[in-house]
Amino acid sequence: MKRVIYPGTFDPVTNGHIDIVKRAVALFDEIIVTVAKNPTKTEVFSVEERVEMLTEVMKEFPTVRVDSFNGLVVDHARALGAIGIIRGLRAVSDFEYEFQMALMNRKLAEDISTILLMPHARYTYLNSTIVRNLAAFHGDVSGFVPEIVEAKLKEKFPKND
Ligand code: COA
């Protein structure tokens, strides 16, 4: 049983993240999408809300589970019996950060590998900050996030605010 975790902030989950999950589903037996609390980022959705949205979005993938954690990603991976950590690599600009994290995580846990997957080129410029900004100014996010996320963003940023 090859189980991997896909950690991230997912504030909110975007179509780019889903693209990565699809690729991971084709490669591994079980994927645990795990929401991290990132104290350095200002959050729009609580961890509970992010888990709820992800759970709904991931329903179409029977081998995907969603949870959350607070701590080191390698500790969580080990507790779940995961053999690897999935991360998305959109552009060269992601590489240095991902490389540093991968090497640090390897130092912390030699037996857990980082697997970098490239999403479709159409998601190269996409990130959650852009989606949050667009939504805050009532821009159209429909091409970037699933419908349920679009609806939740509209609730967070009502037109009359
Ligand atoms: N498509 C679209 N956007 C994507 C994407 C994809 N395929 N992959 C990543 N992104 C975006 C995210 O939306 C996010 O955007 P934002 O910064 O505008 O919100 C950004 O890229 C990167 O965020 P994310 O993938 O959520 O990772 P992160 O940098 O917030 O890190 C953890 C999350 C959990 C991996 C990291 O904080 C961590 O490991 N924390 C635990 C502490 C730890 O173990 N530290 C030791 C490791 S050095």
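The first residue of the sequence shown is numbered 1, and numbering continues consecutively from there. Both counts, for ligands and for their atoms, begin at 1 and track the order of listing.
Residue contacts with ligand 1 for Asn127 involve both N, CA, C or O and side-chain atoms from C-beta outward (heavy atoms, distance under 4.0 Å).
The protein non-hydrogen atom at the shortest distance from atom 37 (O) of ligand 1 is Asn38 ND2, 4.1 Å. For atom 7 (N) of ligand 1, the nearest protein heavy atom (residue, atom name, distance) is Gly16 O, 3.2 Å. Protein heavy atom in closest approach to atom 44 (O) of ligand 1: Val73 N, 2.8 Å. Summary of contacts: the protein heavy atom closest to atom 30 (O) of ligand 1 is Thr9 OG1, 2.6 Å. Ranking the protein heavy atoms by distance from atom 12 (C) of ligand 1 puts His17 NE2, 3.6 Å first. Counting only heavy atoms of the protein, atom 45 (N) of ligand 1 lies nearest to Leu72 CD2, 3.8 Å. Nearest protein neighbour of atom 34 (C) of ligand 1, counting heavy atoms only, is Ala36 CB, 3.3 Å. Closest to atom 38 (C) of ligand 1, if we only count protein heavy atoms, is Met101 SD, 4.5 Å.
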**Request:** Evaluate the side-chain contact (heavy atoms from CB on, under 4.5 Å) criterion for residues Tyr6 and His17: first the C-alpha distance (whole Å), next the side-chain angles of each, then the deciding distance (0.1 Å), finally the verdict.
**Result:** CA-CA 9 Å; Tyr6 177 28; His17 295 125; 3.3 Å; yes
**Item:** Residue pair Arg132, Asp11: steps toward the salt bridge (charged side-chain N to carboxylate O under 4.0 Å, His left out) verdict
**Value:** CA-CA 8 Å; Arg132 289 195 300 268; Asp11 188 28; 3.8 Å; yes
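The distance from atom CZ of Arg90 to atom CD1 of Ile20, rounded to the nearest 0.5 Å, is 9.0 Å.
For atom 40 (N) of ligand 1, no protein heavy-atom neighbour is found at a distance under 4.0 Å.
Heavy-atom distances between Asp11 and ligand 1 stay at or above 4.0 Å for every pair.
In this pair, Tyr123 and His120 present their aromatic rings perpendicular. The plane angle is above 60°, beyond the 30 to 60° band.
Phe28 and Leu80 fall into different hydrophobic clusters, where Ile, Leu, Val, Met, Phe, Trp and Tyr side chains are chained together by heavy-atom contacts under 4.5 Å. By the rule that hydrophobic residues join a cluster once side-chain heavy atoms approach within less than 4.5 Å of another member, Leu116 and Val4 end up as members of separate clusters.
Arg78 has a carboxylate O that lies under 4.0 Å from a charged side-chain N of Asp111, or vice versa, which qualifies the two as a salt bridge. Taking the charged nitrogens against the carboxylate oxygens, Glu49 and Lys156 do have a contact shorter than 4.0 Å, which makes a salt bridge.
For a threshold of 3.5 Å applied to N or O pairs, the pair formed by Arg90 and ligand 1 contains at least one separation below that value. Considering both main-chain and side-chain atoms, Ile20 never comes within under 3.5 Å of ligand 1 through any nitrogen or oxygen pair. Checking only distances, Tyr6 never comes within under 3.5 Å of ligand 1, N or O to N or O. Note: an N/O pair closer than 3.5 Å links Lys41 and ligand 1 by distance alone. Backbone and side-chain nitrogen or oxygen atoms of Leu126 are examined, and one is located within less than 3.5 angstrom of a nitrogen or oxygen of ligand 1. Considering backbone and side-chain atoms together, Gly88 places no N or O closer than 3.5 Å to any N or O of ligand 1.
Close approach to Thr129 involves these atoms of ligand 1, each under 4.0 Å from a residue heavy atom: 16 (P), 17 (O), 18 (O), 19 (O). Close approach of ligand 1 to Gly71 (heavy-atom distance below 4.0 Å) involves ligand atoms 41 (C), 42 (C). Ligand-side atoms of ligand 1 in range of Met104: 48 (S), range being under 4.0 angstrom from any heavy atom. Residue-ligand proximity, Tyr97 to ligand 1, at heavy-atom distances under 4.0 Å covers atoms 28 (P), 29 (O), 31 (O).
Lys2 meets the side-chain hydrogen bond (donor to acceptor under 3.5 Å, both in side chains) test with no other residue; sequence neighbours excluded.
Compare Arg87, Arg23, Lys107, His76 by their heavy atoms: the one nearest to atom 27 (O) of ligand 1 is in Arg87.
At a cut-off of 3.5 Å, with distance as the only test, no side-chain donor of Asn70 or His76 sits close to an acceptor on the other residue.
In Arg106, the CZ atom is not crowded: 12 or fewer heavy atoms of neighbouring residues, nucleotides or ligands sit closer than 6.0 Å.
By the 4.5 Å heavy-atom criterion applied to side chains, Ile18 and Asn15 are counted as neighbours.
In summary, of the residues considered (Ile5, Val33, Ile32, Leu117), a side chain to side chain contact (heavy atoms under 4.5 Å, CB included) with Ile86 occurs for Leu117 alone.
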